[in-house]
Structure formats: C-alpha cells, structure tokens
Colleague: 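What follows is a single structure, and I will ask about it in a moment.
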There are 2 protein chains.
Amino acid sequence: MTRTTYHHGDLHRVLIDAALELIAERGPNAVSLRDLARAAGVSHAAPAHHFGDKAGLFTAIATQGQLLLADRLAADLADGRDLRRLGASYVRFAADHPSHFEVMYRPDLYHQDDPDLAAARTRAGDLLRSAIPGDGRVADRRMLAAWSIAHGFATLRRTGNLDRLLAGSDPDTEFAEMAGLLDLTP
Amino acid sequence: MTRTTYHHGDLHRVLIDAALELIAERGPNAVSLRDLARAAGVSHAAPAHHFGDKAGLFTAIATQGQLLLADRLAADLADGRDLRRLGASYVRFAADHPSHFEVMYRPDLYHQDDPDLAAARTRAGDLLRSAIPGDGRVADRRMLAAWSIAHGFATLRRTGNLDRLLAGSDPDTEFAEMAGLLDLTP
DNA sequence: CCCGCTAACTTGTCGGTGACAAGATGAGTT
DNA sequence: AACTCATCTTGTCACCGACAAGTTAGCGGG
C-alpha cells in the first residue's frame, strides 16, 4: 500500500476496516494504532489524528455497530413485530459482525460518555423495546428475558463455549427452537 | 509494602488478588505486570517468573474462577437439583466475582490449551449438565436455554446495559421472575 | 555443619506502543 | 493568488512485556 498523494483520502474508513479484521482474528487486544497505520501505509501518528486516541477508535466501532444493529432491527420490524424473530436477528448480527459485537459490549474499551454512541445505542434500544407486547413491568420482564437469552447465546457461541453443545446442528435453528421454550404470550 | 526478606513468600496469591482488584475497577486492559509488581513491592520481572507471561496470569485467574463456580454449583446441587436455582446461582457468581467472570469469558486473554484450566472448566460444565432433566437433544436444548439466559443476564448486567431496566428492583428476584418465563418441565 | 541444588527473585536490556508536540502539505474557498 | 484548516508527518517520551543472566536463600543429604 504505497501512496503518491500526501492525503490518503479515505483513511478513516480504511483504519476502521483494518481494525475490524484484526479484532475478528485476534481480539481487540491485538489491535495497535501503529499496526493499523502500517497496514494503511501512513505514518504512525495518523490514526490518532482521526480518532483522538485508541479508545476513540473503539468508540467509532461501537457506534457503527449500534447503528448496524438498529438498521437490522428496523428492517425486521417493518415485516411485523415478532419478538422471537428479533432475537434470532440479534444472534445473526453477532455472528455476521463479530468485531462490532465484541467491542459494543466491552465498555472498558471506548469512551462511554460519547454522545454519538449514546444516540446510536438509544436508537437500537428503542427499536427493541417497540417490539415488546404488553406494558409496564410485564413488558420489561419480557424484554429482559428475550434480550438475555439472545445475548447469552450469542456471547457463549462467540467465545467457543457452545462448540460441543451445537456440534453438527445449525446454530440459527437451534436458537429458534431453544427460544421457543420462552413463554412470551401476553 | 517494603520487604526485609528476599523471598516474598506469598507472591503468587498477592499478585492474583491485586490483579482481581484492578480488573474489577478498570478492566483487564488496565492490568500491567509491572504495576502488580510495584503494588507487591517486588521487581518488575517477578510476576513473569510465577506465571510465565501475562496470559499465564489470566489463565490462573480463569482457572480459579471455574473452580469457584464449580464449588458453588456443587453446593447448590447438594440441596437438590433445581435448574432455575442453579441459574440464579450463576448470576450471583458473576456479581460476586466480577473479575473472575470477566476473564473466564475472554479467551483471547489466556492460554486456551492449558490443561488445568480445561479440567476446571470440565468440572463446572459437568456439574451444570448433571442438573438438566431429560436426556439427549431435549436435555441439550434445556441446558442451552438455561445457560444462555443466565449468562446473558449476568453479562448485560455487568456491562451496565440493564441499569435503566433494573432501576429500583432487586436483580436477583428480577432474574428469578424472568427465568420463570422459561418452560423447563420435562 | 556445610554443601549443593533449585525455586524465588533481581538487574539490565530490547523492541514495540500510545500519547503528545510541532511542523509540513495540499485541497478548497474567496 | 493568498488564506485557511483539516490531514498527515517527524520526533520524542514514558511505559510495557519478554527475555537473558545474575543473585539470594530455603532445604535436604552428607
């Protein structure tokens, strides 16, 4: 990756994409700004200019992840509000965007008070909530159950804890059948 | 922490305890072997002697965590095998030992092929499995559901995602009621 | 008693990293 | 053509993990 121009032109995106790839392969710990800079063919300090600091990079990734998740939930909701299908969608999101998912749920990595991130998080959260039947405490409990089971499944799978349990079966259908054990009728 | 003797005598334990405290406060990323050494009043290379490398420290913590969890599950099982109570116990473990829990489910931090860790993990897993009613695929699905919902709840809580949802209510009873939505009757 | 063995710990050093400061470049505007 | 400012570079600092080589002391055998 050699450059003829002084300005890269698309560094922001390139850095994030390189980071996502690295995270998927070897986790967020393996990410160094200097590695990203080398991969992009820029100087070692260029990444910090775009993101302020390393946590800024992860903040950008977490925000992007929340928006991607929100988009997906919104698409699902357009087809009718079925909480269980939303859960399956959540699980598929974690599998399709492992790096985003990983960063999103590691608050120690990013700037928790970032306003853009807060807005993105709210958007995704509100969409999820809008799919819950019932109201008040009962609705809260249903949301809690659905979110917990989907998040737990996605997380345990990502960390390799379900390899033996899921051996030889399709994770998506397995999740669907498992989620069927949840009583969510109003 | 100044020492008069050359040998510390209890360094291994002291280092782990200091690490646990730091992880609880600021996450595993904030842990540096050199910080731990300073806190314990030993030279900067002493920690590496005990654990081989940084991942070795986290491996020790993950192993200790699996054993602690297994102990707790075993105590519960002695009182009768109720899967839902085991789930509540799992959630309480995550709250009581946040640092252990954190490390246990971050495979990128430790040596995944460590035999001691594998043994400890097997012990905890077998205990959990022994509480599942039914057999074969049905039992697998029940185990998956119970583990997922408990793990998801514990994880989301730890990352602060349930703060608003749980505001003003006791997390343990809230989990119990939520887990009641799971149909686990054989 | 002391000799030797070995685990526990120290000292010194290396390459790599994040953060910061100060400077160079050039695209866009007027 | 001059200005402006985001983009990117160069240089530097303290800190970190890993490694190599040396020092200390607990301990069992003679």
Colleague: Measure NZ/B:Lys54 against C1'/D:dC15 and give the value in whole Å, please.
Modeller: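 It works out to 11 Å between those atoms.
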Colleague: Categorize B:Ala45 for me: base, sugar-phosphate, or nothing, with a 4.0 angstrom heavy-atom threshold over every strand shown.
Modeller: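 B:Ala45: base contact, heavy atoms under 4.0 Å.
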Colleague: Can you tell which of D:dT9, D:dT7, D:dC19 lies closest to the side chain of A:His50?
Modeller: D:dT7
Colleague: Do any of residues 104-113 of chain A sit with a heavy atom less than 4.0 Å from DNA chain C, and if so which?
Modeller: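 Output list: empty, so none.
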Colleague: Could you list the residues that satisfy side chain to side chain contact (heavy atoms under 4.5 Å, CB included) with A:Ala46, not counting sequence neighbours?
Modeller: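 Only A:Leu11, A:Val42, A:Ser43 meet the side chain to side chain contact (heavy atoms under 4.5 Å, CB included) criterion with A:Ala46.
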Colleague: Does A:Tyr105 have any ring-ring contact (aromatic ring centres under 6.0 Å, His included) partners at least two apart in sequence or in another chain, and if so, which?
Modeller: A:Phe101, A:His151
Colleague: What nucleic acid atoms does B:Ala48 come within less than 4.0 Å of, heavy atoms only: base, sugar-phosphate, or nothing?
Modeller: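 No contact at all - B:Ala48 keeps every heavy atom at 4.0 Å or more from the nucleic acid.
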Colleague: B:Asp170: what forms a side chain to side chain contact (heavy atoms under 4.5 Å, CB included) with it, not counting sequence neighbours?
Modeller: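 Expected list: B:Asp172, B:Thr173.
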Colleague: Going by the salt bridge (Lys or Arg N to Asp or Glu O under 4.0 Å) test, which pairs reach into residues 46-73 of chain A, not counting sequence neighbours?
Modeller: A:Asp71-A:Arg123, A:Arg72-A:Asp96
Colleague: Rounded to whole angstrom units, what separation is found between the CG atom of A:Asp53 and the P atom of C:dA19?
Modeller: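 Taking CG of A:Asp53 and P of C:dA19, I get 5 Å after rounding.
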Colleague: Applying side chain to side chain contact (heavy atoms under 4.5 Å, CB included), can you list everything that pairs with A:Asp126, at least two apart in sequence or on another chain?
Modeller: A:Thr122
Colleague: Would you check if there is a donor-acceptor pair between the side chains of B:Asp116 and B:Thr63 at a distance under 3.5 Å?
Modeller: no
Colleague: To the nearest Å, how far apart are A:His44 NE2 and D:dT10 P?
Modeller: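 Going from NE2 in A:His44 over to P in D:dT10 covers 8 Å.
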Colleague: Within the structure, does a side-chain N or O atom of A:His49 lie under 4.0 Å from either OP1 or OP2 of D:dT7?
Modeller: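 Yes, such a contact exists.
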Colleague: Taking CG from A:Leu57 and P from C:dA19, how many angstroms apart are they, rounded to a whole number?
Modeller: 11 Å
Colleague: Enumerate the salt bridge (Lys or Arg N to Asp or Glu O under 4.0 Å) contacts for residues 130-140 of chain B, please, sequence neighbours excluded, ordered by first and then second residue.
Modeller: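 For residues 130-140 of chain B, and leaving out neighbouring residues, the salt bridge (Lys or Arg N to Asp or Glu O under 4.0 Å) pairs sorted by first residue read B:Arg129-B:Asp140.
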Colleague: Can you check the A:Leu11 CG to D:dC8 P distance for me, whole Å?
Modeller: 5 Å
Colleague: Output the residues of residues 26-34 of chain A in contact with DNA chain C, where contact means a heavy atom of the residue under 4.0 Å from an atom of the strand; sort by number or write none.
Modeller: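 Of all residues in residues 26-34 of chain A, the ones placing a heavy atom under 4.0 Å from DNA chain C are A:Val31, A:Ser32, A:Leu33, A:Arg34.
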Colleague: Does A:Asp17 form a side chain to side chain contact (heavy atoms under 4.5 Å, CB included) with A:Glu21? I'd like the steps, not just the answer.
Modeller: CA-CA 6 Å; A:Asp17 289 349; A:Glu21 216 167 303; 5.9 Å; no
Colleague: My understanding is that only residues two or more places apart in sequence, or in another chain, count here; which of them pass side chain to side chain contact (heavy atoms under 4.5 Å, CB included) with B:Asp113?
Modeller: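 B:His111.
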Colleague: In this structure, how many angstroms lie between the C1' atom of D:dT7 and the CZ atom of A:Phe51, rounded?
Modeller: 13 Å
Colleague: Taking only the side-chain nitrogens and oxygens of B:Arg38, find out if one of them lies under 4.0 Å from OP1 or OP2 of D:dC15.
Modeller: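 Answer is no, no contact under 4.0 Å.
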